[in-house]
Number of protein chains: 2
Amino acid sequence: MTIKDVAKKANVSTATVSRVINNKSEGITEEMRQHVQKVIDEMGYTPSHLARGMVTKKTYTIGLVIQDIRNPFFPKMVSGVEHVAYNHGYMVLLCNTDEDLNREKDYIATLREKRVDGIIITVSNGIDRAYIAQLTKGDIPFVFLDEIAEEVNCVCVDNTLGAYQATKHLIQLGHKHIACLSGPSTSITNLNRVDGYKKALMEAGLPINKDLILKGSYKADSGYKSAESILKDFPHVTALFCANDFNALGAYKAVVAHGKRVPEDISIVGFDDILDIPANHFAFTSVSQPTYEMGQAAATMLMDMIHKKPMNEPFMTFEPKLIVRDSTSSPL
Amino acid sequence: MTIKDVAKKANVSTATVSRVINNKSEGITEEMRQHVQKVIDEMGYTPSHLARGMVTKKTYTIGLVIQDIRNPFFPKMVSGVEHVAYNHGYMVLLCNTDEDLNREKDYIATLREKRVDGIIITVSNGIDRAYIAQLTKGDIPFVFLDEIAEEVNCVCVDNTLGAYQATKHLIQLGHKHIACLSGPSTSITNLNRVDGYKKALMEAGLPINKDLILKGSYKADSGYKSAESILKDFPHVTALFCANDFNALGAYKAVVAHGKRVPEDISIVGFDDILDIPANHFAFTSVSQPTYEMGQAAATMLMDMIHKKPMNEPFMTFEPKLIVRDSTSSPL
DNA sequence: CTGAAAGCGCTAACAA
DNA sequence: TTGTTAGCGCTTTCAG
């Protein structure tokens, strides 16, 4: 059933039908509108967004490229995006990359083919700079979420500050030997967190021992291994700053497996705050990110770009917040 | 840049270009294909899915309507859907209803306008039967997820069985007075869970006391209130079967607030298993649903419908699994 | 094997 | 105020 069928049945032109389905207020009598609307309702006609998009060059659809919706870090972010998109009359195509760069490229290529009006992307660790540059040079508006991307519209959190807060918390508790279980060195986010860790130590006049800064990934097994080697090689260490909560979780397991207690023997701070469940007897101290708000901000920024509004700030930084819970205490 | 531009530059017709971008093997020489492909690559041409969809009547897009991605129950389900969709060359439009029927209807209407090839929907509590019938009578394939929908393609979990398992577990631990904190009575899922609870009691020769079956919602505060009233009016009750984990969480808080211990004084079983965090000292005993697999199954079923394959079973039921953890024990 | 041309369902000038 | 008509970018039949 097409606009033609409706026009025929209502004895009007397709232009008139088009006017009513698009709520054009000018150039149509209320009488006419009601007449046509009635026919539309009777026939159960639904206009085709495809056909409309062909001529208007708008799809009212945006793409959201994320690593993995199963990672508890993302749902709130997605929700923030979805809410503002919905409020602007847009729908969101969910693209899960599983941290696979090929999938990411594939998804973005298809998003182009689908002529989405814009894309929000939380790039994988280890950004391919040239690739991103190529993306942004294109015709379709992009905003980067979570990970910093230079010279690009982007919303992220102040990772340096978060790590600084976390480490300072440990220092204030009285810890003097604090290890840093870092993530992938290709991740700017991670690098910033390491910087924050160093900054807090320096500020407190504590020495920065490179051997206490372990490289790893964002996965739990990396945290486990790193913690294990710290426990073995540096028994005087009493606190662990972890690049993210998965690392913290792995570290926790290693500490427990080695017969030590958290936080009595070893304090642990995580990052991202994704391990909190209300009513639990034990929860991690962690640096929380306002993920919902970040999602909202990214979507709002994208909407502004789509509607060619002058942008306030092409680069938006949110403040993280340290949440102190049960995995940290003063050293014995 | 359109197919015409490519055709012109390659000195061929648009039909020929169309043949190569669609990988039509017949009726084109390898030489020609390579020639055209080269021009396409040089120009960086991307075909428009919109225009293609107009003539093929296919969008390679499906809609996924869920309550709330922030509810930990959903991410895995969404992931299951996304994975099989991706493998079939489809993208998924994420529609968050926030349990608002108006939003749900609005989203589905827009999905129609966008001419998606199919829709997966996890209907809100309290299904509007007439509405659903209307949906399914339409032109676009639907499959219902999670909640049972009669006479419709649907994948769900055997809620009766899950509740039966949970209650039986309590009985086997020696509990004789078990309350049931149920959810909304408009939810068939909830009704089935209450049935499973009753079934286990009956089978064990235990009396079914209607006063011990409290009505509520799926929210934590409902669980809190229900548990409170049980604690007050029926002090001999030693175990609580909860319609879902949020209820269980609320109940837990009420029990603790009243100076009792879980599980020593009161055992609690939840449903859905969304409160588990590895490495926690305390976790709820709960009935787990294979949500990822259910998502996969729903998407597979939808793909079959879209491709008009003969369907094995238009109605698919998964088995839930009781996970025993720390919130249940024998009564003192 | 390749090309010409009709048409998918709609919008937007421009005419009437 | 309403209608006519030319596309939007592609696929697909039908000729060549």
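Lettering follows sequence order; numbering is per chain, from 1.
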>> C:dG9, OP1 or OP2 - any side-chain N/O from B:Lys57 closer than 4.0 Å?
In response: yes
> How close or far is atom P of D:dA6 from atom NZ of A:Lys4, stated in whole angstroms?
Replying inline: 13 Å
> Do A:Thr59 and A:His49 pass the side chain to side chain contact (heavy atoms under 4.5 Å, CB included) test, and can you show the C-alpha distance, the side-chain angles, and the key distance before you say yes or no?
Replying inline: CA-CA 7 Å; A:Thr59 56; A:His49 259 57; over 6 Å; no
> Between D:dC10 atom P and B:Tyr60 atom OH, what is the distance in whole Å?
Replying inline: 16 Å
> Counting side-chain heavy atoms from CB outward, which of C:dC1, D:dG3, D:dC8 is closest to B:Thr29?
Replying inline: C:dC1
>> Can you see if the side chain of B:Ser18 gets near the phosphate of D:dT11 - specifically, an N or O under 4.0 Å from OP1 or OP2?
In response: yes
> Atom NE2 of A:His35 and atom P of D:dT1: how far apart are they, to the nearest Å?
Replying inline: 17 Å
> Within the pair B:Thr2 and D:dG9, is there a side-chain N or O less than 4.0 Å away from OP1 or OP2?
Replying inline: no
>> In the structure I gave you, are the side-chain heavy atoms of A:Met77 and A:Leu64 within less than 4.5 Å of one another anywhere?
In response: no
> Is there a donor-acceptor pair closer than 3.5 Å between any side-chain N or O of A:Asn153 and the backbone N or O of A:Val143?
Replying inline: no
>> What is the distance, to the nearest angstrom, from the CG atom on A:Asn22 to the P atom on C:dA13?
In response: 13 Å
> How long is the line joining NZ of A:Lys114 and C1' of D:dC10, in whole Å?
Replying inline: 15 Å
> Of B:Met54 and B:Ala15, whose closest DNA chain C nucleotide lies nearer the 5' terminus?
Replying inline: B:Ala15
> D:dC10 P sits how many Å from B:Arg115 CZ, rounded?
Replying inline: 20 Å
> Separation of B:Met32 atom CE from C:dG3 atom C1', in whole Å?
Replying inline: 11 Å
> Is A:Thr16 near enough to D:dG3 that one of its side-chain N or O atoms lies under 4.0 angstrom from OP1 or OP2?
Replying inline: yes
> Are the side chain of B:Asn96 and the backbone N or O of B:Ile69 linked by a donor-acceptor pair below 3.5 Å?
Replying inline: yes
>> According to side chain to side chain contact (heavy atoms under 4.5 Å, CB included), who are the partners of B:Asn87, at least two apart in sequence or on a separate chain?
In response: none
>> Below 4.0 angstrom, which residues in residues 38-52 of chain B have at least one non-hydrogen atom near DNA chain D?
In response: B:Tyr45, B:Pro47, B:Ser48, B:Ala51, B:Arg52
>> Using a distance-only criterion (donor-acceptor N/O pair, under 3.5 Å, no hydrogens), is the base of C:dG3 paired with the side chain of B:Arg19?
In response: yes
>> Counting the atoms with a prime plus P, OP1 and OP2 as sugar-phosphate, which does A:Lys24 contact under 4.0 Å by heavy atoms, base, sugar-phosphate, or nothing?
In response: sugar-phosphate
>> When you compare the side chains of B:Lys114 and A:Thr61, does any donor N or O come within less than 3.5 Å of an acceptor on the partner?
In response: yes
> How long is the line joining CZ of A:Arg33 and P of D:dT2, in whole Å?
Replying inline: 10 Å
>> I need the minimum non-hydrogen distance between B:Val36 and B:Val12, along with the two atoms involved.
In response: CG2-CG2, 4.3 Å
